[in-house]
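In the text below, chain A, chain B and the rest are named by the order of the sequence lines, each starting its count at 1. Computed from heavy atoms alone, side chains included, the values below leave out hydrogens, waters and symmetry copies.
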Amino acid sequence: MSPMPVRLFLLLLLACGASSAAAGPSLVQEGERLYREGVDLTGRPLVGFALGGVVLPPAQAACASCHRRSGMGGIEGEILVPPLGEPYLYQPGLANVQPFGRSFTRRWKRPAYSDETLARALREGIDPAGQPLAPPMPRYRLSDRQAKALIAYLKSLSRGPAPGVERATIHLATVVTAGVSAASRRALTEVLEAYAREKVVTDPGERLQQGSARGAHRDRGQRTWRLHLWEVGGPSATWRRQLEAHYRAQPVFAVVGGIAEGPWDPIDDFCNRNGVPCLLPTTDLPPQAAGFYGLYYSRGLALEAEALARHFTDHPPEGPLLQRVAPGERSRAAANAFRAALVRLGGPPLHEAPLPADGAPSGFRDPAAVVVWAAGVSPEELVRTGESGELVFSSTLLGGIPELPPAIAGRVRVIHPFVLTEEKPRHLASLYAWLRARGIALREERVQAEAYFAATTMDDALRFIGSNFSRDYLLEQIEEMLDSSATRSLYPRVTLGPGQRYASKGAWLLTPPVRGADPASRREQGDAIWIVP
Amino acid sequence: MKGNRTRARLATSGRALFAGTMACLLAPLGAAAGEMDHHHAAHSGDGMVDHGAHVAQAQRQAVTRTTARYTVPDVTLTGMDGAEVSLREALGEGPVMVNFIYTTCTTVCPAMSATFAAVQRDLAGHPGNVRMVSISIDPEHDTPARLAAYARDQRAGPHWTFLTGRLADSILVQRSFGVWRGTKMSHAPVTLLRASADGEWISIEGFASAAQLVAEIERLTTHPMVSQR
């Protein structure tokens with residue numbers, strides 16, 4: 001064979017390879033950036049105009065701000081933001097749909113979009129039938145490349161089945177690390193396994209009864225739960241790799257609950273790097289800046305510390321403020337957060353003295369208030385060492401709200417992120433009934449309550465998303481539904497919003513009850529104050 | 001509390017079931033969508049609407065305008081600077097516009113705030129000295145610091161205040177103005193306007209344009225409901 005055609009052939013091959021490498025992934029990546037952040041890959045903003053021609057800042061011009069990261073849209077107030085993605089846009093659908101509400105206009109059918117009509121919709125605000133898009137939808141000034149990139153990205157949304165989802169089964173996991181007590185591990189797994197055992201679905205679909213699709217099978221999204229227990233051990237720096245090994249062996253749609261000994265950060269890291277929603281684990285040391293995929297009951301001990309710092313800044317003690325810190329990861333973390341928060345808020349100066357295991361006195365003279373971060377020292381023990389001033393403890397570290405002898409009860413206050421004792425029966429009634437019905441003893445109330453609420457939250461959210469198995473959509477639904485959940489949690493109030501990842505935002509500062517006092521007078525609510533730092 | 005109401009409806013009314021609505025849109029099968037539409041037609045109460053009319057209407061931003069005498073509750077809220085301020089003082093004695101937002105809101109509030117920003121621009125130099133107040137309906141998340149950042153993003157000027165506070169107080173304020181919908185995700189786009197502290201409130205529900213709001217303010221400050229300060 002003569003060399004010329006071969007060289008030509010190789011050149012062509014190279015050229016094809018080069019151009020397809022350039023066009024494919026980077027166009028979708030650019031579209032993703034425009035969609036989520038409202039800027040292109042060089043940082044130039046997406047130019048969008050709202051009602052009346054107001055130019056939108058990039059964060060609002062970004063499609064994700066209304067259509068959400070999942071592209072599934074949603075309902076906010078009286079605005080229905082429609083879903084995007086190929087199955088919705090590139091098929092005939094309904095336009096101008098509004099949720100029930102006081103103002104309502106009739107919806108009409110619209111034909112399928114094409115690339116051309118989609119670009120036109122973005123620029124001119126009209127659908128393929130020439131009808132105007134709803135007023136909240138911005139109009140965009142787009143270059144041809146930006147239009148191509150956005151459309152390429154939209155087509156990539158809702159593509160392919162989500163990991164962990166099969167025809168009749170959904171795989172979920174929970175995480176337990178080394179160092180967690182056998183009792184806590186059991187409390188967690190007993191609840192989650194009992195819950196998962198009851199999520200059995202024989203036929204995930206339904207036969208359509210009417211219309212031209214009669215007899216076709218439609219997936220309603222119901223799945224049998226398969227719960228996997230992922231255990232990790234050794235140094236926490238190795239946890240993420242271990243979780244990734246578990247994940248490779250068995251992909252899961254999401255992680256529900258879990259317990260770690262030590263900071264939860266390495267696990268949160270796994271969740272965010274792999275795009276796996278991780279819901280509501282039991283931890284006092286959650287990450288302080290959650291990514292998209294980790295969702296937490298609260299910011300843990302840091303929240304308690306910051307609430308106290310807020311309190312002492314707003315109501316400075318009439319004398320020195322002392323912090324006593326026992327050895328231990330949780331105590332140290334709380335103390336660091338307290339110290340930092342006081343500085344940030346411009347609070348009173350802080351004195352510090354370690355609190356060794358034998359409870360030796362601080363030697364500090366006459367503090368007005370002493371904040372104590374210690375799991376193993378009770379208020380009575382501390383008072384016996386001669387500590388003076390108002391003593392503030394964490395109920396989390398103490399393992400509960402103590403009952404104290406009358407002599408010292410008035411001197412002690414407790415920072416308490418959970419529901420008040422008198423409200424607990426109301427909050428946990430359904431948990432108690434559920435456990436009783438399954439013959440599960442109430443062993444570790446906090447672990448069991450948090451696992452149960454995590455399971456019901458997962459259940460409710462999965463039911464809502466139906467067959468739209470998008471992890472982003474799951475999280476967006478939880479954001480919306482959490483505060484109207486039929487099940488109550490161990491926290492006074494859990495609520496989220498778009499992009500929020502910590503469900504409970506405050507803590508009670510209360511006076512503990514007096515031992516032996518008349519139960520009627522034991523209401524903590526009386527002088528308990530709710531602090532949102 | 002609400003007194004006598006006068007309604008001026010600019011939108012035709014009808015009904016659609018919530019779950020059906022979402023199911024409608026979220027069934028990717030073209031056939032299923034058609035089937036749902038039949039399902040919907042059975043539920044919708046109204047008759048056919050002239051196609052041309054509702055195209056024009058969609059372009060005209062349907063709003064519902066009512067007047068009412070609300071009782072402003074005596075609550076203490078918190079400003080962006082962390083200082084406490086009574087709601088009545090924040091509303092002032094003269095003309096004021098009020099809306100309800102939360103900083104993580106994705107759809108309704110960006111539009112409402114963009115409109116307020118445009119109104120702020122259009123009213124610069126207006127002799128009426130109109131105050132603008134945005135009240136958070138997610139006060140536990142919307143700390144003063146978060147409100148201040150949001151205000152900066154909206155380029156809020158000195159006449160535009162943002163308020164947060166205790167959750168119970170936020171709910172009380174919403175109920176007092178008839179805008180409480182049970183959860184923040186259900187919140188309605190409402191703008192309230194008042195010429196003076198003893199005047200009637202005008203409540204505009206829907207996405208009023210900046211021009212519409214400015215026209216209302218001009219009407220209020222040229223023909224005050226009661227004697228001005």
Side-chain angles (χ1 to χ4, degrees), chain A residues 50-52 54 56-57 59-60 65-66 68 72-83 87-88 91-94 96-106 108-109 131-132 134-136 208 210-213 216 218 466 468 480 483-484 493 495 497-500 505-506 530 532-533, chain B residues 11-18 21-22 24-35 37-38 44 46 48-49 51 54-55 57-59 61-62 64 102 104-108 110-111 114-115 117-118 138 140-141 143 153 167 181-189 205-207 209-211:
Chain A
L51 305 169
V54 178
L56 292 167
Q60 283 172 29
S65 72
C66 290
R68 313 304 308 280
M72 294 300 296
I75 296 186
E76 194 184 295
E78 291 167 12
I79 307 296
L80 190 149
V81 179
Y88 303 106
Q91 292 206 21
L94 292 177
N96 203 43
V97 183
Q98 296 196 6
F100 63 92
R102 299 214 296 262
S103 59
F104 172 82
T105 53
R106 182 107 178 172
W108 59 90
K109 281 191 180 174
Q131 301 307 322
L208 296 173
Q210 295 177 36
S212 52
R218 186 163 69 109
N468 292 289
E480 203 161 308
D483 55 4
S484 43
R493 182 170 40 250
T495 173
Q500 295 185 31
K505 327 244 197 253
W530 178 253
V532 176
Chain B
T12 50
S13 62
R15 289 217 158 268
L17 286 171
F18 174 92
T21 307
M22 282 310 279
C24 220
L25 277 188
L26 299 185
L29 301 172
E35 163 198 277
D37 194 46
H38 288 301
S44 307
D46 59 333
M48 287 303 293
V49 173
H51 204 60
H54 78 81
V55 166
Q57 168 202 311
Q59 287 166 335
Q61 284 110 49
T64 306
Y102 60 104
T104 56
C105 171
T106 55
T107 308
V108 173
T115 303
D138 186 17
E140 294 206 332
H141 185 265
T143 57
D153 286 343
L167 179 63
R181 297 284 184 274
T183 79
K184 63 180 181 278
M185 307 303 263
S186 310
H187 78 128
E205 181 158 349
F207 289 94
S209 65

Can you tell me which portion of A:P136 sits under 4.5 Å from chain B's heavy atoms? Options are side chain, backbone, both or neither. side chain

Least distance between heavy atoms, A:P498 atom then B:T106 atom: CB-CG2, 3.4 Å

Return the minimal non-hydrogen interatomic distance between A:G497 and B:K184, and the atom names on each side. CA-CE, 4.2 Å

Calculate, to the nearest 0.5 Å, the distance between atoms CE and CG belonging to B:M185 and A:D483 respectively. 8.0 Å

Mind checking the NZ-CG spacing from A:K505 to B:D138? Nearest 0.5 Å is all I need. 6.0 Å

Can you find a pair of side-chain heavy atoms, one from A:V532 and one from B:H141, that are under 4.5 Å apart? no

